[in-house]
Amino acid sequence: MKKIYTFLLIIASAVVSAQIIANDDYITAGGCSGGGFGNIFYDNNYGEDTLNGNPATIENVSITVIANQYPWIYLDTTSGNINVYDGSPAGFYTVTYQICEIANPTNCDIAYASVFVYAGVIDAVGDDFSPTPIDSDIGGSTSSVLANDTFCGIPVGSFSVTLTSYNIPSGLTLNMDGTITVAQGTVPGTYIVQYQICEILNPTNCDTANAFVQVNGNSTLVANYDDFSAPNYPNTTTASILNNDTLNGNAVSSSQVIITTLYTYPGFTINTNGTITIANVPEGTYFIGYQICEAGNTSNCSVNYAYVVVLKNRILGKVKFDNENDGCDTNDSYLNSIHVTNVNGSDTYTSYTANYFNNQYYLIGDSGTNTVSVQLPNYFTVTPANQVFNLSTPGTITASDFCVTSNASVDDLEIVLIPTRNVIPGLPVLYDIWYKNNGSTTLSGQITMQYDNTKMTFLSSNVSPNSTTSNTLTFNYSTLAPFESRMIRAVKFQVMTPPTVDIGTNATFTGNILPNATDATPTNNTSSITQIAVNSQDPNDIVVHEGSDISLAQAQNEYLHYTIRFQNIGTSEAINVKVVNELYNKLDGNTFELISASHNCRVKNKNNNLEFLFENINLPGSNNEPLSHGYITYKIKPISTIALLDAIFNEANIFFDYNLPILTNYVVTTVSSLSNQENKFIHLNYFPNPVKNSLTISNESSIDSVEITSLLGQTMLLQKVNSLQTEIDLSELSTGIYFVKVISEGQEKTVKIVKE
């Protein structure tokens, strides 16, 4: 049956106005720095505002703020500047505005300015008030713990913070002004007051510190500080805290005193003999406060604390390569970045040999039987095949060397492109090229990197390319030995400005390593990554190199590659950085392999719970921006039972010293049928837009899933659909601009919506 359409064309006379276009704006600002952060006319990531095709300016248009409920964000209607005031709370905010032609005030357009404000750096610095002790007979107060604490580098007295204490000992009070009052008659000794400061406007932005207070008084019983920093282990007991305490100048025994715990942590118990029993607690440092009183004179007391360092059992060892096939001897070298596992019952631990750790691997060992083995391809022979250790008492075991020999001549090269920065229109983007010889033969050849020269230009790299074309860089390499990996760092491109490269533009890079004619695994001789151009976003994120969709064959046979990036945006160095990555159940933790890390990194992998420890990294802060970045890149396979339409999630938590963790974005990779390349979105509809509560999406082809992400790349909602039409409840989302990715029969399309 034919369909007949009737069109009614109505022509009416009207005043012809110049076309006016107000494009949306996206602006980032730090909570520490106020002032102007952008202009609605000129700093548009979606294109400049225009009037009749020419730039709109304050001379030819007027600005009206339609909606702005945030007093810390100010749109100056006389200039178009967006201002964010000092100390603004972190968050994502939207200001709605309208521009109108001055010559024709009814000719207007509306746009949204989205402002992302980073949390300001809050720093609680420890205090030592012991040089000015307080007399127990009189009592008194210390100076303020807030005196050296800062927010955005400025004393916190200039800002609004909350102050709370925990584990505060009896007789001491932490006051709202930060002073610590010691009551008259408080037991003499050394006290620790643990406190936390948080922004009032951003109560999750906090930092903690310790204040040490010395109270002097007349006591013939003296409790002295106990240093248990020599490694202790879970399920063990320390020496007695009484060992260095005295009564009338003489050593004290447990029968002479009563011990009271003042403050401790779960898993620690002070026994009547003064020893401290440590349960199965996490690795870390702990302060255990206690009081001792004379048994025959309970008013004669003293206070102090024990400093306890807890480590897990360790199994240390090395792996040596017999490159002459004459048995491992002193002429052979130790290998680094070798995957070593320890199996203890149902638990599997993973570690890697590291040159910065004296070529050793470092494995956690639990009580019972620990079986340690080296994980290498079958064209290498490892002697012994494994080493078994039965741990009945805690401590550190040094294993014998593993000896590796080749049993076949195999070529096996691998290359991975590592994105160390986001693609941002108008700014440089950086990549590292990691390559390795996984085989048993020494190889020489070439590495190429292809890029889209219509979107960017090559600037530089730490190893200059041997040749270049308009879109290809070529690097020569020679005598790459078995197990050897190398890095070409800081391959830098200048990304073009809008409209050539705009928000949402795809930027694809491909690397190849040659020769690959006889390569054992040619699939890893090529590495491709596509990044979507964004504006400045949270520098702590996770990227999946293979993108949002892979085929079932890829999922069943190949690796996924992840890069977790982090940046210290504080003003002081981060001494230690820890990245915790609990793997989703669609990823097989037994196939995990570390590719590269920006700094020395110790890996702890137990049953799909990954920890990357950057100890003593001393990562610079925002005062040295180029060196404030770091990353981890690894590969891992999906589980063997992965199926079509399965979604693979991943995210990470990043800890800078003792600060609260920073949660990265989610990344999702869907196993799709990619064989049918027909456009599935000719009849895609989504309405209303702008949307208040419910968004309706329909398509001629079945919709597999819908993902809602923020402008920062954070996944706000992920919903499987499997129908031609669906309604998505967006009522819980904040006002702003979002991307909607629709997946239909293995293909995807992303559209932009506005949430009112």
Side-chain angles (χ1 to χ4, degrees), residues 20-51 55-102 105-120 152 159-160 199-205 503 534-538 688-693 695 708 710-712 714 716 730-739 752-756:
I20 190 168
I21 298 175
N23 285 301
D24 295 338
D25 308 276
Y26 181 71
I27 296 165
T28 59
C32 286
S33 47
F37 284 96
N39 186 285
I40 62 169
F41 294 131
Y42 312 118
D43 290 343
N44 298 296
N45 293 290
Y46 302 108
E48 290 187 342
D49 295 351
T50 59
L51 178 64
T57 67
I58 201 64
E59 285 75 26
N60 56 28
V61 301
S62 62
I63 305 171
T64 303
V65 177
I66 295 177
N68 178 20
Q69 57 183 349
Y70 315 109
W72 49 88
I73 298 174
Y74 171 62
L75 172 55
D76 186 349
T77 58
T78 65
S79 64
N81 289 333
I82 295 278
N83 297 277
V84 179
Y85 294 124
D86 292 348
S88 301
F92 186 82
Y93 310 101
T94 300
V95 176
T96 307
Y97 68 92
Q98 177 179 265
I99 60 173
C100 297
E101 184 183 1
I102 292 177
T106 62
N107 182 31
C108 304
D109 195 17
I110 294 176
Y112 302 88
S114 299
V115 182
F116 180 75
V117 180
Y118 291 108
C152 299
F159 296 89
S160 296
E199 281 187 77
I200 288 180
L201 293 177
N202 184 23
T204 61
N205 187 28
I503 300 299
V534 297
N535 199 308
S536 292
Q537 68 180 69
D538 192 333
N689 189 21
V691 57
K692 288 186 177 180
N693 296 310
L695 178 70
I708 311 291
S710 70
L711 287 173
L712 303 178
Q714 297 169 310
M716 313 302 293
L730 304 181
S731 59
E732 297 298 319
L733 293 185
S734 302
T735 302
I737 300 170
Y738 296 86
F739 292 113
K752 184 179 71 175
I753 63 168
V754 176
K755 172 67 169 61
E756 293 183 336

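If you take OH on Tyr74 and CG on Asn81, they are separated by 9.5 Å, rounding to the nearest 0.5 Å. Here the CG-CG distance, from Leu733 to Leu695, works out to 10.5 Å after rounding to the nearest 0.5 Å. The CD1 atom of Ile40 sits 5.5 Å away from atom CG of Leu75, with the distance rounded to the nearest 0.5 Å. The OG1 atom of Thr735 sits 6.0 Å away from atom CD of Gln69, with the distance rounded to the nearest 0.5 Å.
Within the 3.5 Å criterion, the main-chain N or O of Lys692 finds a donor-acceptor partner in the side chain of Lys755. Checking side-chain atoms of Asp49 against main-chain N and O of Ala56 turns up no donor-acceptor pair under 3.5 Å. Of the possible polar contacts, one joining the Asn68 side chain to the Ile73 backbone as a donor-acceptor pair under 3.5 Å is found.
Side-chain contact between Phe41 and Ile58 is present, with heavy atoms from C-beta onward closer than 4.5 Å. Put simply, the side chain of Thr50 does not reach to within 4.5 Å of the side chain of Ile20, judged on heavy atoms. Counting heavy atoms from C-beta on, the side chains of Thr77 and Val65 come closer than 4.5 Å. Between Gln98 and Asp109 the shortest side-chain heavy-atom distance does not fall below 4.5 Å. With contacts defined as side-chain heavy-atom distances shorter than 4.5 Å, the pair Asn60/Ile102 does not qualify. Using a 4.5 Å heavy-atom threshold, the side chains of Tyr97 and Thr64 count as separate. Asn107 is listed as a side-chain neighbour of Leu51, based on a closest heavy-atom distance under 4.5 Å.
Listed by chain and number, the residues in a side-chain hydrogen bond (donor to acceptor under 3.5 Å, both in side chains) with Asp76 are Thr78, Ser79 (sequence neighbours excluded).
Between Ala113 and Ile82, the closest heavy-atom pair is CB-CD1, 4.1 Å. Contact detail for Ala111 and Ala22: the closest heavy-atom pair is CB-O, 3.4 Å.
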